[in-house]
Amino acid sequence: MAFNETMNEMQRQAVLHTEGPLLILAGAGSGKTRVLTHRTAYLIEEAGVNPYHIMAITFTNKAAGEMRQRIDDMVGYGSESVWVATFHSTCVRILRRYIDRIGFDTSFTIYDADDQKTLMKEICKRMEIDTKIYKERAFLGVISSAKDELIDPEEFFRRAQGDYQKIRQAEVYREYQDSLRKNNALDFDDLIMKTVELFKKDAEVLNSYQERFRYIMVDEYQDTNTAQFQLIKLLAGKYRNLCVVGDDDQSIYKFRGANIYNILNFEKEYPDATVIKLEQNYRSTQNILNAANHVIANNVGRKRKELWTENGEGEKVILRQFETGYEEADYVATDITAKAREGICAYGDCAVLYRTNAQSRLFEERFIASNIPYKIVGGVNFYARKEIKDLLAYLKTVDNAKDDLAVRRIINVPKRGIGATTLNRVQNYALQQGIGFYDALKAAEEIPTLGRSASKLKPFVTLIQTMRSKAAYIGVTELLQEIIEETGYVAELEAENTEEANQRILNIDELISKAASYEADESREGPATLSGFLEEVALVADIDSVDETQDYVVLMTLHSAKGLEFPQVYLAGMEDGLFPSYMSICSDNSMEEIEEERRLCYVGITRAKERLSISCAKQRMIRGETQYNKVSRFVKEIPAEFLAGEIQKEREPEKYKPTMSQFARQAFRAKPMAMSQSGGMRQMPSAKDFGKSADNRKLSYDVGDRVKHMKFGEGTVKQIVSGGRDHEVTVEFDGAGVKKMFAAFAKLQKL
DNA sequence: TTAAGTTAAGTTTTT
DNA sequence: CTTAACTTAA
């Protein structure tokens with residue numbers, strides 16, 4: 001194998017070390033994926049390991065896909081039998097086969113965050129919990145953390161130890177698990193936890209997988225939680241050929257239960273472990289790396305590592321401060337346009353990274369105005385859209401009649417005149433009889449309380465039954481089309497004929513093509529099934545859809561950016577309070593939380609290959625309120641020698657006391673009182689004004705023009721009153737008389 | 001029962 | 001500024 005010339009000494013050692021536990025501390029851009037793929041190839045071609053015995057685990061489908069591709073390219077024969085998958089899909093595959101051994105049905109469905117919340121809402125209602133005081137989200141958070149730590153409801157009770165609130169949480173947890181079981185459903189955390197449970201309870205199953213996975217590689221090991229750690233520990237327990245790759249400096253998922261000690265204490269867990277550090281960076285310029293090194297050096301309790309490169313110094317890191325977020329977005333858009341026009345880079349070379357999803361809007365508006373092709377990653381997941389969830393709920397109902405949530409979602413979509421009262425009666429009957437919701441629907445005639453509304457339920461049940469029998473011999477795509485046809489779902493949207501409805505139809509079309517490509521996919525394991533499709537759909541992340549070959553600017557959060565790289569990176573919103581967030585600054589253990597934010601910053605900086613541009617705004621609108629922020633402390637951790645671009649000297653803190661006006665307001669939700677202290681803002685134009693002056697929604701029509709409205713048809717504009725946010729337009733319609741409406745809403749077209 | 005209209009509350013980060 | 005949840009009118 002010809003890897004000798006192309007690898008550095010450390011990489012080579014990592015490839016050649018095949019037996020026993022191995023920890024690879026791989027700095028950002030140090031070529032760890034290359035090491036993993038070469039290692040796989042070496043195992044197969046030189047060490048004579050059967051590909052069937054090799055497993056590589058990642059966190060995202062995108063990472064798994066890339067790994068799979070590169071292994072396929074490198075290994076001639078048998079590469080397809082290497083198990084390359086995410087944690088979650090690995091667990092689903094195992095559970096689909098064996099979960100009946102721990103009392104579940106193998107046709108379980110997977111609940112996403114939305115489903116979890118719906119279920120929790122029901123539970124709170126049932127348990128008479130006031131959700132004004134105890135939020136559903138809080139319970140779900142507690143439960144999720146418990147599951148990350150493999151704490152089941154019983155253990156939770158044990159640990160509650162007389163603490164009233166904890167006992168209550170335990171009760172909710174137990175109830176939640178019972179409901180999931182009744183619905184034959186698992187949530188994301190269950191996928192891992194149940195697999196661990198299965199392995200612990202069933203030695204035979206565990207042994208079969210231990211025998212299969214004799215060589216295990218885990219990517220992004222710093223992001224594993226306790227449950228995932230246990231899972232890997234169990235799997236690797238017999239052969240102990242465990243190779244984990246990670247970077248403690250890039251551990252950014254603590255909020256999701258990631259346990260940084262999994263990587264920091266790897267050598268305690270496996271005393272015979274070999275440790276290899278990869279510090280040579282092949283991605284960025286030295287200037288970028290210097291910036292990153294200096295920032296991360298402020299964290300204590302990390303494994304010492306310093307990135308270096310042979311790539312040369314490169315450009316300095318650009319630093320710019322603006323008055324407002326609008327100007328910042330303006331700068332990024334202008335800069336990208338200029339670079340693209342000069343041929344310095346393609347749109348696809350650029351990425352805009354920010355801390356929170358809400359920041360994407362400003363950039364999106366500006367990019368539209370400047371005709372910059374872009375793609376926003378994250379925010380509302382495609383599969384979380386209403387129309388998509390509705391149709392998936394139909395498929396789920398056909399697939400798993402026990403999923404009450406899915407049934408209830410669609411029973412009145414489209415409208416069948418079935419309301420809350422009817423549903424409650426059916427629900428009560430189901431509880432009395434101890435049967436599922438759908439089964440109760442089937443027996444609608446026997447529910448005495450229903451009266452004549454029972455007849456409304458019949459067509460729905462018939463529809464589902466018909467689809468179910470068809471599902472046996474038609475494919476997923478066809479089934480989906482049948483459902484759309486029979487329910488008139490798309491027809492109803494077509495009738496609406498609004499921009500929104502049309503977008504939904506497009507989304508549905510996309511779902512249909514996703515189903516079709518699922519069925520056509522030859523690399524899929526096993527035959528195309530409805531369950532298989534639903535499962536694939538449940539486990540996709542938004543980042544999976546990023547396509548490097550497309551020429552668009554990518555906008556995403558720093559979290560989503562991990563593992564990616566771009567020639568040009570814009571790190572936006574670098575302000576104290578936004579990044580690091582108030583949450584982390586104000587938290588009880590702010591020290592730790594700010595370190596996590598700092599790691600996030602490190603991840604951001606190290607995404608850049610050639611040019612990094614850091615920007616921030618003095619004032620920014622957040623939730624309709626203007627905030628005044630200082631330059632992020634992380635920026636100040638970068639020595640000036642690596643930076644280009646002047647930052648205006650900050651105003652004295654006394655003038656507007658950011659610590660008081662911002663932090664106090666955030667913490668106590670006190671009204672502007674503190675702001676009056678900040679005399680500094682008096683004549684400043686408010687961000688609102690900026691929004692308007694920069695508003696591209698300037699009306700295309702004026703008084704006296706003829707316009708067209710979606711519903712009312714054609715008419716003449718009589719008056720335009722420009723209010724604070726929008727223009728109020730009065731139109732005399734030919735058919736519908738005089739109407740007042742808001743311009744942004746009415747979408748009037750000039751004729 | 002549904003649709004429209006009003007009000008309250010909320011935002012880190014996500015497989 | 002958005003979104004969800006609640007209220008009221010048809």
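Here is the naming used below: chain letters follow the sequence lines, and residue numbers restart at 1 for every chain.
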* Nucleotide B:dT13, atom P - distance to CZ of A:F188 in whole Å -> 16 Å

* **Toward the 5' end of DNA chain B, by each residue's nearest nucleotide, A:Q228 or A:K415** => A:K415

* Which nucleotides of DNA chain C pair, in dot-bracket form (Watson-Crick or G-U under 3.5 Å, | meaning another strand) -> ||||||||||

* Verify the stacking flag for A:F59 against B:dT15: centroid separation must be under 5.5 angstrom and the ring planes must differ by under 30 degrees. => no

* Is it the case that more than 12 heavy atoms not belonging to A:F255 sit under 6.0 Å from its CZ atom? -> yes

* To do: Map A:E597 and A:N61 onto DNA chain B by nearest heavy atom, then report which one ends up closer to the 5' terminus.
  => A:E597

* To do: Keeping the roles fixed (side chain from A:D190, backbone from A:D187), state whether a donor-acceptor pair exists under 3.5 Å.
  => yes

* Check every atom of C:dT2, B:dT14, C:dA5 against the side chain of A:R361 and return the nucleotide holding the closest atom. => C:dT2

* May I ask you to say what A:D189 touches in the nucleic acid, namely base, sugar-phosphate or nothing, with a heavy-atom cut-off under 4.0 Å? => nothing

* With the side chain of A:A541 defined as its heavy atoms from C-beta on, choose the nearest nucleotide among C:dA5, B:dT14, B:dT15. => B:dT15

* To do: Give one of base, sugar-phosphate or nothing for A:R599, where a contact means two heavy atoms less than 4.0 Å apart.
  => nothing

* Asked: Contact class for A:T90 (heavy atom, under 4.0 Å): base, sugar-phosphate, or nothing?
  -> nothing

* Just call it for A:S584: base, sugar-phosphate, or nothing, with non-hydrogen atoms closer than 4.0 Å on any strand. => nothing

* Under 5.5 Å between ring centres and under 30° between planes: true for A:F255 and the base of B:dT13? -> yes

* To do: Decide yes or no, distance alone: a donor-acceptor N/O pair under 3.5 angstrom between the base of B:dT13 and the side-chain of A:R355.
  => yes

* So what does A:T86 touch, heavy atoms closer than 4.0 Å: a base, only the sugar-phosphate, or nothing? -> nothing

* Asked: Which atom pair, heavy atoms only, marks the closest approach of A:L191 to A:L95?
  -> O-CD1, 3.5 Å

Side-chain donor/acceptor pairs under 3.5 Å, residues 134-145 of chain A, sequence neighbours excluded:
unit_1 : atom_1 : unit_2 : atom_2 : d
A:K135 : NZ     : A:K132 : O      : 2.8
A:S144 : OG     : A:D189 : OD2    : 2.9
A:S145 : OG     : A:G141 : O      : 2.8

* **A:R256: salt bridge (Lys or Arg N to Asp or Glu O under 4.0 Å) partners, not counting sequence neighbours** => none

* Asked: Distance from A:K233 atom NZ to A:I216 atom CD1, nearest 0.5 Å?
  -> 13.5 Å

